[in-house]
Peer 1: 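Quick one: structure below, then a few questions.
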Amino acid sequence: MTPATLTVSIVTYRPDLALLDRSLRTLAASLVAAREQELMRAANVVLIDNTGTRASAAAMIKVARDIFRDADVTMNYLHGHANIGYGAAHNLVMHGGNTHYHLVLNPDVELAADALPRAFRYLGEHAEIGALAPSSRREDGTREYICKRYPTVFDLALRGFAPRALKYLFRKRLDRYEMRDLVDRVAIDQTISPIPVMSGSFMFVRRKAIEATGGFDPRFFLYFEDFDWSVRLNRVTRTAYVPAVQVVHHGGGAARKGLRHIGYFLRSGARFFNKHGWKWA
């Protein structure tokens with residue numbers, strides 16, 4: 001297998017610096033592993049700070065420089081702009097890129113040391129796959145179901161805002177939405193394809209798939225940009241859930257982040273359904 005090239009884009013907004021440090025350290029270790037296994041010959045890591053302040057950018061850059069100081073990785077930093085949104089910030093890096101693969105990565109995701117080697121190897125052996133999703137767990141070790149079927153309004157309302165008792169009544173429906181019927185049965189050396197909706201916390205994408213879709217739709221300021229891109233990716237290539245690629249995700253839902261995030265969620269959800277078709281129940 002010919003060693004490939006990779007660009008990694010990470011968008012931050014008022015980042016938890018301790019968590020960012022952990023995420024970048026695991027990224028660095030996985031990049032080193034991919035290089036040592038001769039699966040990767042060059043990597044470019046780009047940090048994009050949407051906070052818009054010099055202090056935030058300086059803190060982000062210091063964390064990254066301390067970690068990648070001795071690593072054979074090209075580092076770039078984009079900062080000083082306004083908060084342009086999650087997808088639009090990633091597009092600053094994706095548009096015009098020339099590496100074989102691109103990794104969209106959240107600053108609250110930790111990678112297993114062999115995550116990138118396994119991702120490189122899988123896409124290198126499966127030319128028909130244009131994007132892959134990993135197996136994700138929460139900090140407490142429980143599984144996070146980041147692969148989903150096409151949502152209905154009822155599914156999203158239940159999952160995001162319903163009380164626990166109501167979620168329990170509809171647990172079979174929610175389990176199906178989260179593809180638990182497939183994910184819980186697949187072995188670590190097997191895959192599921194296609195994936196109707198992938199999480200934007202970790203998306204390992206082939207360059208040709210980015211060129212065919214244009215990356216994220218910048219009209220989604222926050223939330224549903226990954227849903228939208230997943231739908232468009234599935235129109236031009238195949239997607240796959242690859243459980244051998246493993247990560248830990250520390251993120252939380254919109255309802256736990258306050259009214260402003262609930263507003264972002266509702267507006268982006270309406271935009272998604274207007275674009276791809278409404279399904280109520």
Peer 1: Taking atom CD of Glu38 as the centre, does the number of heavy atoms from other residues, nucleotides or ligands within less than 6.0 Å exceed 12?
Peer 2: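 At most 12 heavy atoms, drawn from other residues, nucleotides or ligands, come within 6.0 Å of this atom.
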Peer 1: Working to the nearest 0.5 angstrom, can you tell me the gap between Met60 CE and Thr12 OG1?
Peer 2: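 That separation rounds to 5.0 Å.
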Peer 1: Measure the acute angle between the ring planes of Phe272 and His276, then classify it against the limits of 30° and 60° as parallel, tilted or perpendicular.
Peer 2: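 Rings of Phe272 and His276: tilted, 30 to 60°.
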Peer 1: Locate the shortest heavy-atom distance separating Leu19 from Asp108; write the atom from each residue and the value.
Peer 2: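 Residues Leu19 and Asp108, closest heavy atoms: CD2-CB, 3.5 Å.
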Peer 1: For the residue pair Phe227 and Phe224, categorise the inter-ring angle as parallel (less than 30°), tilted (30 to 60°) or perpendicular (more than 60°).
Peer 2: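 The arrangement is perpendicular - the two ring planes meet at more than 60°.
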Peer 1: Is it the case that atom NZ in Lys167 sees more than 12 heavy atoms from other parts of the structure closer than 6.0 Å?
Peer 2: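 It does: Lys167 NZ has more than 12 such atoms within range.
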Peer 1: Would you check, one step at a time, whether the test ring-ring contact (aromatic ring centres under 6.0 Å, His included) holds for Phe161 with Phe265?
Peer 2: CA-CA 11 Å; Phe161 307 108; Phe265 183 88; 5.6 Å; yes
Peer 1: Verify the neighbour count for atom CG of Asn274: are there more than 12 heavy atoms of other residues, nucleotides or ligands below 6.0 Å?
Peer 2: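 Counting neighbours around CG of Asn274, more than 12 heavy atoms of other residues, nucleotides or ligands fall under 6.0 Å, so yes.
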Peer 1: Does the distance from a Lys or Arg side-chain N to an Asp or Glu carboxylate O, for Glu178 and Arg143, drop under 4.0 Å?
Peer 2: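 Salt bridge flag = no for Arg143 with Glu178.
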Peer 1: Identify the residue among Ile10, Val247, Leu24 that makes a side-chain contact (heavy atoms from CB on, under 4.5 Å) with Leu105.
Peer 2: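 It is Ile10, the one option of Ile10, Val247, Leu24 that forms the side-chain contact (heavy atoms from CB on, under 4.5 Å) with Leu105.
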Peer 1: Taking only Lys NZ, Arg NE, NH1 and NH2, and the carboxylate oxygens of Asp or Glu, determine whether Lys62 and Asp66 approach each other closer than 4.0 Å.
Peer 2: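 Salt bridge: yes.
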Peer 1: By ring pair (Phe, Tyr, Trp, His ring centres under 6.0 Å), which residues pair with Tyr122, not counting sequence neighbours?
Peer 2: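 Counting only residues at least two positions away or on another chain, Tyr122 forms a ring pair (Phe, Tyr, Trp, His ring centres under 6.0 Å) with His126.
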Peer 1: For Thr5 and His100, which I'm curious about, is there any donor-acceptor pair between the side chains at under 3.5 Å?
Peer 2: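 There is such a pair between these side chains.
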Peer 1: Does the side chain of Ile84 come within less than 4.5 Å of Asn50's, by heavy atoms?
Peer 2: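 Yes, their side chains come closer than 4.5 Å.
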Peer 1: Are the ring centres of Phe120 and Phe204 closer than 6.0 Å?
Peer 2: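 Under 6.0 Å, so yes.
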Peer 1: Is any side-chain heavy atom of Lys148 closer than 4.5 Å to a side-chain heavy atom of Arg159?
Peer 2: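 Sidechains of Arg159 and Lys148: in contact.
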Peer 1: What pairs with Arg206 under salt bridge (charged side-chain N to carboxylate O under 4.0 Å, His left out), at least two apart in sequence or on another chain?
Peer 2: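 Counting only residues at least two positions away or on another chain, Arg206 forms no salt bridge (charged side-chain N to carboxylate O under 4.0 Å, His left out).
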Peer 1: Is Asp217 salt-bridged to Arg271, going by a charged N under 4.0 Å from an acidic O?
Peer 2: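 Between Arg271 and Asp217 there is no salt bridge, as every charged N stays at least 4.0 Å from the carboxylate O atoms.
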Peer 1: With rounding to the nearest 0.5 Å, note down the distance linking CD1 in Ile195 to CG in Leu132.
Peer 2: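 Separation between the atoms: 10.0 Å.
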Peer 1: Over 60° means perpendicular and under 30° means parallel, so classify the ring planes of Tyr223 and His261, tilted if in between.
Peer 2: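 Rings of His261 and Tyr223: perpendicular, as their planes differ by over 60°.
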Peer 1: Please report the interatomic distance OG(Ser230) to CD(Glu225), rounded to the nearest 0.5 Å.
Peer 2: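 One gets 10.0 Å once the value is rounded to the nearest 0.5 Å.
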Peer 1: Can a salt bridge be assigned to the pair Asp181 and Arg176 using a cut-off of 4.0 Å between side-chain N and carboxylate O?
Peer 2: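 Not counted as a salt bridge, because no side-chain N and carboxylate O are separated by less than 4.0 Å.
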Peer 1: Taking atom NZ of Lys279 and atom CG of Asp155, what is their separation to the nearest 0.5 Å?
Peer 2: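 Rounded to the nearest 0.5 Å, the NZ-CG separation comes out at 10.0 Å.
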Peer 1: Below 4.5 Å, heavy atoms only, C-beta onward: do Pro117 and Glu36 meet side chain to side chain?
Peer 2: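 No; the side chains remain at least 4.5 Å from each other.
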Peer 1: Check whether the side chains of Ser201 and Ser199 place a donor and an acceptor atom closer than 3.5 Å, and report yes or no.
Peer 2: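 A pair is found: one side chain offers a donor N or O, the other an acceptor, under 3.5 Å apart.
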Peer 1: What I want to find out is whether Arg118 reaches Asp114 closely enough, with some N-O distance under 4.0 Å, to be called a salt bridge.
Peer 2: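 Salt bridge present between Arg118 and Asp114.
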Peer 1: Does the side chain of Leu78 come within less than 4.5 Å of Val93's, by heavy atoms?
Peer 2: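 Heavy-atom side-chain distance check passes, below 4.5 Å.
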Peer 1: To the closest 0.5 Å, what do you measure between CG (Leu123) and OH (Tyr101)?
Peer 2: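 Leu123 CG to Tyr101 OH: 5.0 Å, rounded to 0.5 Å.
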Peer 1: Is the closest side-chain donor-acceptor distance between Thr26 and Glu110 under 3.5 Å?
Peer 2: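 Looking only at side-chain atoms, Glu110 and Thr26 do not form any donor-acceptor pair under 3.5 Å.
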Peer 1: Start with the C-alpha gap between Tyr145 and Asp184, add the side-chain angles, then the distance that decides, and say whether side-chain hydrogen bond (donor to acceptor under 3.5 Å, both in side chains) holds.
Peer 2: CA-CA 10 Å; Tyr145 294 89; Asp184 285 344; 2.6 Å; yes
